[in-house]
Amino acid sequence: MTVRTRFAPSPTGYMHIGGMRTALFNWLWARHHNGTFVLRIDDTDQQRNMSEALGPILAAFRWLGLDWDEGPECEGEFGPSFQSQRRSFYDAALQRLLDSGQAYRDFEPAAETQAQREAAERSQQPFVSSRASLQLSQDQIAEQLAAGTPHVVRLLVPRDRHVTITDHVRGEVTWDCGLMPDPVIARNDGSPLYNFATAVDDAAMQISHVIRAEEHLSNTPIQVLIHEALGQTPPQWAHIPYVAAPGGREKISKRKIDKYRKNPQFSRLFEIGDRILGQIGLDATADALSPVMVAWYEKVGFTPAGVLNGLVRTGWSLDDHTELFSLTEMIEQFTLDRVIRSPAGLDPDRLLSFQSHWITQLPEDDRVSGCLPFLHQSGLIEDPSAAEARQLTAAVIALAGDRLQLFGDILSFRELFVSDDDYPADEQAFEKRVLKKPDTVAHLTALLPQLQQAAFEAEALSALLNSFLEQNSLRPGDIFPALRICVTGKAAGPDLFQTLELLGQQRVISRLESALAKARESAGE
RNA sequence: GGCCCCUUCGUCUAGUUAGGCCUAGGACAUCGGAUUUUCAUUCCGGUAACAGGGGUUCAAAUCCCCUAGGGGUCACCA
């Protein structure tokens, strides 16, 4: 059997991180079996600007490197992939159901049906359809139709039976049809509703496996019934757990951002956004960009491999020890029977840990390309395509080493990019290690002329500074931290000598001079 | 409320289908220690879980029953 999976987003203007995980599982299952992955756009609800609504979704797929075999921009023999363009399929199926008596026109006013529903709820009973319209004769129906009485089409649920599916994740699940209302499958204008369009398309597109979030489990018996009524073989089902908010069991939602900011585990991601997004001209506090959306991860400088590894490990595991998966390895190893049953909270700490790993696996050139947009957008580099820009960035990245967890972290090395003193300085550390240490100031003052003569190369500087220590019977801690603060404004950071080399003689001397002047000024008061 | 699903360290999970290899393993986080001029890394080590109660069995995280808790869904949305 050819495996064909699909992901069917409705164009909402953003890609949800939980939806992305569902898409990934579909994609992996298809690729694992050399099958086909279809992207179908569920836009039966007449939409606004399609490029605005669909663009970010396609962008998320492209960013992560998940390609689709059939879908927007690459329609295949089963297209079109937009449900809004598939009306003829639904019309034909609807007519068949009406003709065979498996669906009926319901002329009961919506308000009346709603009242019955509420009454059932009040009496704590399951609600089933009244089927009053089923009593109408052919003539009466024709009359209503001619009079233009608004109506819907409902599937006639066979109440005397059960629907059982064997779900790849949840095993056997059974529903009693006697407890189900007849679902509306088409509106008054004949336009299809979700469950109907989905069943028609899944069959027409020969989807073999429907892999979707658990919240769709309750839609499944309806879709099974529609498939059966249409004489189609239903696809195989796999209801994967939804992605929960960090540390919880609640479905992660775009509407709960304020709450998430206060979540101790989630807050770590928000802090990253706050630290980085403002510097590249994006509003970190806006709801339009948050860690619930895939775009957020790209904007703060995650690597696709990091996000992918984080996603695949939420709700799925291979065994008791494998944690790292490249996309290729995921394809090789992914199977539905290893999907977990209970909701999995997004785990920011592990996501960051995967990210740390995968960013170091990237070739230098890719890391440079990843960092440059941040430097450009924050104004630290004017022309990111210039060779010098790439060179400098590469040097800073090499120096930063594993301190660069996200591409956006490059912005925390501002002092290495600016020529003047336009960088944040740790005043507290400066006071503690320089202002309050007259001996240190004296030593650094003595060191200055030596630096003016020095060759600015890490090894030479190391030799020079260490012999300076020896000559003055000093320990490293007596002047190295102070020197670092004077030239970078920071109390901690990468190797001091390499930092000095990268900064270059001119910047080191001028920054040291002005720091010492500041110290003398403070001492003179 | 009806229907359906879920419940192992703080978190993500292995182990449940075929009961014993589980005095419950790993990873992340955390805490200690070593290395390092600082920070980060790296390396060692520690704390930490079978929701509760009944059964069945020589033996239960694993099978059965009950209870509790959490969640999803109940649209002429998708």
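No hydrogens, no waters, no symmetry mates; every other heavy atom, side chains included, goes into these values. To find a chain, count down the sequence lines: A is the first, B the second, and so on, and within it residues start at 1.
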Polar atom pairs between nucleotides 35-40 of chain B and protein, under 3.5 Å, N or O only, would you list them?
from    : atom 1 : to        : atom 2 : distance (Å)
rU37(B) : O4     : Asp495(A) : OD1    : 3.0
rU37(B) : O4     : Leu496(A) : N      : 3.2
rU38(B) : O2     : Gly493(A) : N      : 2.8
rU38(B) : O2     : Gly493(A) : O      : 3.2
rU38(B) : N3     : Arg484(A) : NH2    : 3.0
rU38(B) : N3     : Gly493(A) : O      : 2.6
rC39(B) : O2     : Arg403(A) : NE     : 2.6
rC39(B) : O2     : Arg403(A) : NH2    : 3.0
rC39(B) : O2     : Gly493(A) : O      : 3.3
rC39(B) : N3     : Arg403(A) : NH2    : 2.3
rC39(B) : N3     : Gly493(A) : O      : 3.4
rA40(B) : O2'    : Asp402(A) : OD1    : 3.0
rA40(B) : N3     : Asp402(A) : OD1    : 3.4

Using only side-chain N and O atoms of Arg350(A), determine if any of them is under 4.0 Å from OP1 or OP2 of rA29(B).
-> no
Quick one: does Glu214(A) reach the base of rG71(B) with a side-chain donor-acceptor pair under 3.5 Å?
-> no
Between Ser326(A) (side chain) and Glu329(A) (backbone), is there a donor-acceptor pair under 3.5 Å?
-> yes
Pair Asn466(A)-Ser462(A), side-chain donor/acceptor within less than 3.5 Å = yes
According to a strict under-4.0 Å criterion, is Arg338(A) in side-chain N/O contact with OP1 or OP2 of rG15(B)?
-> yes
If rC50(B) has a Watson-Crick or G-U wobble mate with both distances under 3.5 Å, name it; if not, just say none.
-> none
Counting only side-chain N and O atoms of Arg187(A), is one of them less than 4.0 Å from OP1 or OP2 of rA75(B)?
-> no
Thr314(A) side chain near rC12(B) phosphate (N/O to OP1/OP2, under 4.0 Å) | no
Between Trp237(A) and His239(A), how do the two ring planes meet: parallel, tilted or perpendicular, split at 30° and 60°?
-> parallel
Is any side-chain N or O of Arg341(A) closer than 4.0 Å to OP1 or OP2 of rG71(B)?
-> no
In Watson-Crick or G-U wobble terms, with both distances under 3.5 Å, the base opposite rU73(B) is rG2(B)
In whole angstroms, the gap separating P of rU73(B) from CG of Leu179(A) amounts to 19 Å
Within the structure, does a side-chain N or O atom of Thr44(A) lie under 4.0 Å from either OP1 or OP2 of rC77(B)?
-> no
Check step by step if side-chain contact (heavy atoms from CB on, under 4.5 Å) holds for Glu121(A) and Phe127(A).
-> CA-CA 7 Å; Glu121(A) 172 143 5; Phe127(A) 166 71; over 6 Å; no
